[in-house]
A.B. asks: 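Quick one: structure below, then a few questions.
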Protein chains: 2
Amino acid sequence: MEKKHLFGKCPYVTSQKVLTGKWSMYIIYLLEQAGTIRFNELQRQMPEEMTHTTLSRQLKALENEGLIVRTEYAQIPPKVEYSLSEIGAKFSPVLKALEEWGDQYIAYMKQK
Amino acid sequence: MEKKHLFGKCPYVTSQKVLTGKWSMYIIYLLEQAGTIRFNELQRQMPEEMTHTTLSRQLKALENEGLIVRTEYAQIPPKVEYSLSEIGAKFSPVLKALEEWGDQYIAYMKQK
DNA sequence: CAGAATCCCTATTGATACTG
DNA sequence: CAGTATCAATAGGGATTCTG
């Protein structure tokens, strides 16, 4: 993923780029719910199947973008925890609005 | 684009799929601002260059997803207007939250 | 003016195997 | 456990050309 100059001038274009990853919104949501969560547990809680390769890449992308924090414990077997960064935590209102709209949208599409 | 079963159970996954298009957020934003807008005018107001082919595809995708309404006037030269649908208009709070967060994010990244 | 039809090209994803 | 490396498959965007 490796993006540069993500911070342009337009908040919409910027947000869109940050949220490019296919699972980014749900990852942020899970981190917000869990507070802190380990890699494998995160993978298990994803709504659809995904390989750890994919999850790993998305996490790294979000980390590079500054949204999440990765904490590695020097032990064997390895233990790595993820949580939201400060700016990542501020994404919360967006998630809230998104959840409400998403539910309305789902309901609306079902009735058709 | 042509997506099926966009309405799953999870509002986040659903939203993410709807917003997949590289320009979807900005298009919705422009339609919200303009109310009603013609194809070429829409293209001119996009923040970055994009061909009409690409814009056309994104608009069709958003139309298929029910977010926007396309009105065609039977005249020559053709005149087509786009506006938000009812469910599309309800996306407004998300845009608002997104704009705020995007600005914060841009400011945060600049200072680093 | 507002597309549709093509082709090309790249980014992203998925699958698999290997590692400390 | 939590990755990395590699390759194959795909989707999405961009450019060009043609149309009523």
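Here is the naming used below: chain letters follow the sequence lines, and residue numbers restart at 1 for every chain.
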A.B. asks: Can you list every salt bridge (Lys or Arg N to Asp or Glu O under 4.0 Å) pair that touches residues 66-75 of chain A, not counting sequence neighbours?
C.D. replies: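 Matches after skipping sequence neighbours: A:Arg70-A:Glu72.
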A.B. asks: Angle between the end axes of the helix from C:dC1-D:dG20 to C:dG20-D:dC1, five pairs per end, to the nearest 10 degrees?
C.D. replies: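 For the helix from C:dC1-D:dG20 to C:dG20-D:dC1, the axes at opposite ends meet at about 50°.
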A.B. asks: Answer yes or no: are there more than 12 heavy-atom neighbours, outside B:Gln75 itself, under 6.0 Å from its atom CD?
C.D. replies: yes
A.B. asks: Rounded to whole angstrom units, what separation is found between the CD1 atom of B:Ile68 and the C1' atom of C:dA2?
C.D. replies: 14 Å
A.B. asks: What residues form a side chain to side chain donor-acceptor pair (under 3.5 Å) with A:Glu41, not counting sequence neighbours?
C.D. replies: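 For A:Glu41, the residues satisfying side chain to side chain donor-acceptor pair (under 3.5 Å) (neighbours in sequence not counted) are A:Arg44, A:Gln45.
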A.B. asks: Rounding to a whole Å, what distance do you find between B:Leu55:CG and D:dG12:P?
C.D. replies: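 It works out to 17 Å between those atoms.
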A.B. asks: Report the residues that fulfil side-chain contact (heavy atoms from CB on, under 4.5 Å) with A:Gln33, sequence neighbours left out, ordered by chain and then residue number.
C.D. replies: A:Tyr29
A.B. asks: Could you tell me whether the phosphate oxygens of D:dC1, OP1 or OP2, come under 4.0 Å of any side-chain nitrogen or oxygen in A:Gln43?
C.D. replies: no
A.B. asks: Donor-acceptor pairs under 3.5 Å, side chain of residues 48-55 of chain A to any protein atom, not counting sequence neighbours: which ones?
C.D. replies:
residue: A:Thr51; atom: OG1; partner: A:Thr54; partner atom: N; Å: 3.4
residue: A:Thr51; atom: OG1; partner: A:Thr54; partner atom: OG1; Å: 3.1

A.B. asks: Would you list the atom pairs, donor with acceptor, under 3.5 Å between side chains in residues 90-101 of chain B and any protein atom, with sequence neighbours excluded?
C.D. replies:
residue: B:Ser92; atom: OG; partner: B:Glu32; partner atom: OE2; Å: 2.6
residue: B:Glu99; atom: OE1; partner: A:Tyr12; partner atom: OH; Å: 2.6
residue: B:Trp101; atom: NE1; partner: A:Ile87; partner atom: O; Å: 3.0

A.B. asks: Please report, rounded to the nearest Å, how far the P atom of C:dT12 is from the NZ atom of B:Lys17.
C.D. replies: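 Nearest whole value for this atom pair: 19 Å.
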A.B. asks: What residues, two or more places apart in sequence or in another chain, satisfy side chain to side chain donor-acceptor pair (under 3.5 Å) together with A:Ser85?
C.D. replies: none
A.B. asks: Return the value, rounded to whole Å, for the distance between atom CG of A:Leu62 and atom P of C:dT12.
C.D. replies: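 Whole-Å distance recorded here is 13 Å.
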A.B. asks: Are A:Arg38 and D:dC1 close enough that a side-chain N or O sits under 4.0 Å from OP1 or OP2?
C.D. replies: no
A.B. asks: Examine B:Leu19 and B:Leu30 and state if one hydrophobic cluster contains both, with Ile, Leu, Val, Met, Phe, Trp and Tyr joined whenever side-chain heavy atoms are less than 4.5 Å apart.
C.D. replies: yes
A.B. asks: Provide, to the nearest angstrom, the distance between the CD atom belonging to A:Gln75 and the C1' atom belonging to D:dC1.
C.D. replies: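 In whole Å, D:dC1 C1' lies 9 Å from A:Gln75 CD.
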A.B. asks: Considering only nitrogen or oxygen atoms on both sides, find all protein atoms under 3.5 Å from nucleotides 3-6 of chain C and state each distance.
C.D. replies:
residue: C:dG3; atom: OP1; partner: B:Arg70; partner atom: NE; Å: 3.0
residue: C:dG3; atom: OP1; partner: B:Arg70; partner atom: NH2; Å: 2.5
residue: C:dG3; atom: OP2; partner: B:Tyr82; partner atom: OH; Å: 2.5
residue: C:dA4; atom: OP1; partner: B:Lys60; partner atom: NZ; Å: 2.8
residue: C:dA4; atom: OP2; partner: B:Lys60; partner atom: NZ; Å: 3.2

A.B. asks: Nearest to the side chain of A:Lys22, heavy atoms from C-beta on, is which of C:dA2, D:dG13, C:dT13?
C.D. replies: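 From the listed options, C:dT13 comes nearest.
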A.B. asks: Pick the closest DNA chain C nucleotide for A:Thr54 and for A:Pro77 by heavy atoms, then say which residue is nearer the 5' end.
C.D. replies: A:Thr54
A.B. asks: Name the residue closer to the 5' end of DNA chain D, choosing between B:Met50 and A:Asn40 according to the nucleotide with the nearest heavy atom.
C.D. replies: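 Whichever sits nearer the 5' end wins; that is A:Asn40.
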A.B. asks: Let me know the distance between NZ of A:Lys79 and C1' of D:dG3, rounded to the nearest Å.
C.D. replies: 17 Å
A.B. asks: Just jot down the side chain to side chain donor-acceptor pair (under 3.5 Å) partners of B:Glu81, sequence neighbours excluded, or say none.
C.D. replies: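 B:Glu81: side chain to side chain donor-acceptor pair (under 3.5 Å) contacts with B:Tyr73.
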